[in-house]
There are 2 protein chains.
Amino acid sequence: MVSIKDIAKKAGVSISTVSYALNGSSKITEATTARIREIAKELNYVPNAAARSLKKRETKIIGAFLMSDYSGNFFGPLLQGINDTLNSTDYELIVCSGIKSHRFLPEQVIDGAIVLDWGFSDEELIKYADLGSKLVVLDRELEHPNINRVILDNTTGSALSINYLLEKGHRKLYVVTGPDISYDANQRLQAVRKAVKQYDHIHYQEIKGDFSKLSGARAADQIVQEYKEPVAVFCLNDEMAIGMYDYLSTTTYQIGKHVHIIGFDNIEMSQYIMPNLATIDYSKHKWGALATVNLLKLISNEPVVNETIDVSLIKRGSVQ
Amino acid sequence: MVSIKDIAKKAGVSISTVSYALNGSSKITEATTARIREIAKELNYVPNAAARSLKKRETKIIGAFLMSDYSGNFFGPLLQGINDTLNSTDYELIVCSGIKSHRFLPEQVIDGAIVLDWGFSDEELIKYADLGSKLVVLDRELEHPNINRVILDNTTGSALSINYLLEKGHRKLYVVTGPDISYDANQRLQAVRKAVKQYDHIHYQEIKGDFSKLSGARAADQIVQEYKEPVAVFCLNDEMAIGMYDYLSTTTYQIGKHVHIIGFDNIEMSQYIMPNLATIDYSKHKWGALATVNLLKLISNEPVVNETIDVSLIKRGSVQ
DNA sequence: CACGTTTAGTGAAACGTTTCGATAAACGAT
DNA sequence: ATCGTTTATCGAAACGTTTCACTAAACGTG
């Protein structure tokens, strides 16, 4: 592997001169700089990232911890938002999964990270922040000088959703919940309970889910077992709603007639499945972009405040 | 940041002893090893990745270059396959985009990569391979000792697709092509042309596409302009087929009646849109898994051969 | 007990950069 | 001609590991 040393030798200068020249320091004359650059190119020199980051204590890489599992089609637009923001900077993005890559933060493989991944506990993230990692969390509330937060307005989302079902005249309500560890799931559920409590004469029931399609199908099964009259179901994410579609398509129960369904997230699929899935929408692109802006600020020690992403109701055929 | 040096001082041993102990060398007694580990934990020591990889010339990270753009829902199952395979090893996965992260390979940020990304030219990849990077390419044919190849059987896929349409009695055929740089697109197109050439009395026409939904919609527009009688369309990927659905839903033309559509890839969405999209299927999980196995072999200098992934036809309602 | 051998630990170099402080030459001003 | 100042370059230390070559003590063997 050709190093700065080889260039120095060939150019008949010191390695420090080479380093300065390659980094465009004004200390070196244009002539020597040009000559050194020439030789570097000639030798196919590429800098060694490990050596540089060892010395500079930075990697110019930020991570996005998103994928505790790689299935689902939730992350596309979010990543796009992150990437678009990063494109005008000299930072690069890597996408990693909390399932394994826990070392990236403490070992300083990356300068910072955006986290939406239950694979990390609050304690773990705080530990990393204590060690100096800069983090933007998308799925929890953490107070720490090295941590910023950009979260969804889950509370409003749930309220919009429940009110919509009630407006439509539904009085028999199911909620399919999310995993216990998920902050979003919990916030959404709390808001549902609060909204429901304000009304009398409604039948309200919770079914345990875990944000996966399969758990949505299971919930549908339970609903079908208990079926007496038309019901409305609020799935705490779209993925489960789709699982419910899957299951119901094997029965005679019709969505928008016997079972009315609303989801949360407005993933791409919701506008393609039939009937189209009513859901709670928010800009994933903006979410990613805002998180990135804040992470960059955190890294450069600029002041930064926590943010909330607005949500809105999308009425579609799955609720009549 | 606490280093091996701090531990050595506190333990009253040399730094080499600490290094050996932490790495579990048998040169060090169990007693000292235990004591050193204890102190390391106490001081919250974490190794510095840059220093280690500088010295060891390896990072234990492999990359997946997949995302020239982050939209689309193609990559989920592929990543799952890669990840599942990696889980039993000590390698970690990062997902990166060829749009920016070109330095990761030459600068040895990663030990190797799986590449399915037109953001890299053949020449560029060869250059990296020459510099010592280990690569598995999924979207091109490259002969190099450091490069292995796992590709789809596009040729069979196209043949299956065309034959299916002809079997169904269609004689007016459109093909919506892919981007010129895409190897898969070209292979598919070549095979289509070859298959079509074997039949007389069929009307065959190509429309330029680029694998995006938008280009599928545009193609649909053109088809509608020229419409005289029912036509069959082979979209060289599902994404464009979906774009075509989008467009046609704004017209009175019906899929499976006026316009018959078959895609390629069998992405998740194809079985949800109505009517379900006929397409060419292959195991993305296996694709990722095989690529990973081969990459690991390449990295450990084991012999490895190129592979092809089988495809099969999925008949669905979009073609009658 | 004297010998070679094993064991447990040490010291120092090396990996490829960056950067501080030093130095020598060139320059401008008096 | 002399003095300070700027300019271009250099030397060396430092970042945090790993690992080779070495040593001294402990051990087993005849």
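A, B, ... follow the sequence lines: proteins, then strands. Residue 1 opens every chain.
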Within residues 9-25 of chain A or reaching into it, pairs that qualify as salt bridge (Lys or Arg N to Asp or Glu O under 4.0 Å) - sequence neighbours excluded: A:Lys10-A:Glu42

Touch class at under 4.0 angstrom, heavy-atom based, for B:Ser53 against every strand present: nothing

Range-with-range stems of DNA chain D (Watson-Crick or G-U pairs under 3.5 Å, three or more in a row): C:4-30 with D:1-27

Proximal nucleotide (of C:dT18, C:dG16, C:dG9) relative to the B:Arg57 side chain: C:dG16

Among D:dT9, C:dT18, D:dT18, the one nearest A:Ile28 by side-chain distance: D:dT9

Distance-minimising heavy-atom pair for B:Ile309 and B:Trp287: CG1-CD1, 3.4 Å

Nearest listed nucleotide, side chain of B:Ser3, among C:dG21, C:dT10, D:dG16: D:dG16

Listed nucleotide nearest any side-chain atom of A:Lys55, set C:dA13, C:dT10, D:dC15: D:dC15

Sugar-phosphate only, base, or nothing, as touched by B:Val18 at under 4.0 Å among non-hydrogen atoms: nothing

Residue A:Thr17, side-chain atoms from C-beta onward, closest of C:dG9, D:dT19, D:dC10: D:dC10

Nearest-angstrom distance from the residue atom CG of A:Leu54 to P of C:dA14: 17 Å

Proximal nucleotide (of C:dT19, D:dT9, C:dG16) relative to the A:Asn48 side chain: C:dG16

Side-chain N or O of A:Ser19 closer than 4.0 Å to phosphate OP1/OP2 of C:dT18: yes

